[in-house]
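Keep in mind that what you see is a predicted model, and the values were worked out from it rather than measured. Quick note: numbers below take in every heavy atom, side chains included, and nothing from hydrogens, waters or symmetry partners. Atoms within each ligand, like the ligands themselves, are counted from 1 in listed order.
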Amino acid sequence: MTTAGELRVDRTPLAPFGTLVTAQHDGADLRDIAPATLERWTIESKVVVLRGFPLLSREDLLTYCETWGEVLTWDFGAVLDLVVQEEPKNYLFSRTDVPFHWDGAFARAAPRYFLFQCVEAPVPGGGGETVFSDSTDVIRRASPELVREWAATEVSYRTEKLGYYGGETVSPLLTTHSETGETIMRYGEPLDPERYRNPVWVSVGGRSAEEAEPFMVDLRDRLHHPDVCYHHEWADGDIVAVDNQALLHGRNAFRGNSSRHLQRIQIL
Ligand SMILES: [Fe+2]
């Protein structure tokens with residue numbers, strides 16, 4: 001018999017990285033996992049998928065995350081509802097794919113972690129998978145010369161504030177993970193204004209657009225290599241914790257008229 005607060009879970013590796021944590025008894029609750037434990041698992045695995053834990057209310061989710069760290073707030077508050085909109089101002093709420101980026105490029109500080117709750121998953125085959133790219137592995141696979149070139153590169157981003165974020169920002173392409181000391185990559189892929197609403201304009205420091213093109217194509221190929229990417233296919237009730245420093249993330253396009261509702265919260 002399981003008493004309140006006692007937690008039995010199964011932990012299974014995902015490929016090529018990540019861990020699936022499945023509750024092994026009824027009555028399991030996310031709040032039975034100490035935030036310090038969830039943080040350790042997230043650092044170790046980069047992405048943690050929790051199943052068998054009932055979703056928390058927005059208030060309870062916020063309270064839980066506030067015991068983990070400072071929660072990033074925006075105009076809308078702390079919990080973002082990611083839903084498909086029929087006439088979105090911004091591509092995040094459209095049916096298109098979402099190119100790789102890290103969360104918080106335009107925030108006062110980038111969150112160390114973010115957490116999703118899946119209120120409603122797309123129908124099977126409906127797309128909308130979240131894709132994570134392990135930038136630490138991308139760096140490990142690159143030649144020392146290329147890593148030196150990356151380390152000397154700054155990238156600028158500009159977007160109009162039509163959604164909840166926007167402005168201009170500059171970031172070194174490589175930086176250091178605050179918790180592990182590993183070298184990580186901070187990169188947002190450019191968004192073609194023909195395809196995406198509210199695109200992000202990207203310029204690579206010191207390079208003309210023509211010179212930047214092969215540099216960005218090479219980066220794209222490395223970041224999208226199947227060996228460094230975990231594709232998360234959503235199921236109702238999934239709770240997913242993400243290391244926003246080691247990983248970049250994006251989304252596959254939705255297929256047909258499938259929909260999805262995620263709630264996201266970010267931890268500084
Ligand atoms: Fe994001």
Side-chain angles (χ1 to χ4, degrees), residues 17-18 42 46-49 61 65 69 71-85 88-119 121-122 127-135 138 155 157-167 169 171 173 175 177 184-192 195-202 219-220 223-224 228-234 238-254 260-268:
F17 58 88
T42 307
K46 302 184 174 75
V47 56
V48 178
V49 178
L61 180 67
C65 288
V71 170
L72 185 59
T73 55
W74 300 86
D75 296 349
F76 57 81
V79 181
L80 176 68
D81 284 291
L82 279 161
V83 288
V84 177
Q85 299 171 357
K89 289 191 184 131
N90 177 281
Y91 68 101
L92 291 178
F93 304 95
S94 73
R95 313 191 71 82
T96 66
D97 65 305
V98 171
F100 282 147
H101 61 281
W102 78 98
D103 270 9
F106 297 99
R108 63 184 168 87
R112 290 178 300 151
Y113 310 100
F114 59 91
L115 197 132
F116 286 125
Q117 289 199 135
C118 182
V119 179
E129 301 89 353
T130 298
V131 185
F132 300 96
S133 178
D134 182 355
S135 80
V138 170
V155 183
Y157 305 90
R158 180 172 54 83
T159 191
E160 205 182 335
K161 189 175 182 293
L162 295 181
Y164 65 91
Y165 65 91
T169 189
S171 173
L173 185 58
T175 182
H177 194 297
I184 58 163
M185 182 180 286
R186 286 259 151 100
Y187 183 58
E189 295 183 299
L191 281 84
D192 179 354
R195 280 187 63 198
Y196 301 99
R197 295 199 181 186
N198 197 195
V200 178
W201 309 91
V202 178
L219 260 183
R220 183 191 65 201
L223 289 168
H224 288 266
V228 302
C229 290
Y230 166 64
H231 291 241
H232 183 66
E233 206 168 311
W234 291 97
D238 281 353
I239 299 174
V240 173
V242 180
D243 180 340
N244 187 46
Q245 297 190 86
L247 302 183
L248 300 171
H249 64 281
R251 176 186 80 204
N252 290 339
F254 293 97
R260 189 188 70 174
H261 181 188
L262 299 181
Q263 292 176 327
R264 186 205 64 192
I265 191 161
Q266 299 167 317
I267 296 148
L268 290 167

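- Side chain of Arg108 to main chain of Leu72: no donor-acceptor pair is present (N/O by atom type, distance under 3.5 Å, no hydrogens or angles).
- Screening Trp102, Phe132, Tyr230 for a side chain to side chain contact (heavy atoms under 4.5 Å, CB included) involving Leu247 leaves a single residue, Phe132.
- Proximity of Val228 to Leu223: side-chain heavy atoms (C-beta onward) are nowhere separated by under 4.5 Å.
- Here the straight-line distance linking atom CD of Glu233 with atom SG of Cys118 works out to 11.0 Å at 0.5 Å rounding.
- Checked against the 6.0 Å centroid criterion, the rings of His232 and Phe116 do not qualify as a close aromatic pair.
- For an aromatic pair to be called close, the ring centres must be under 6.0 Å apart, and Trp234 with Phe254 fails this.
- Shown are the protein N/O/S atoms under 2.8 Å from the Fe ion (ligand 1), given by residue and atom: His101 NE2, Asp103 OD1, His249 NE2.
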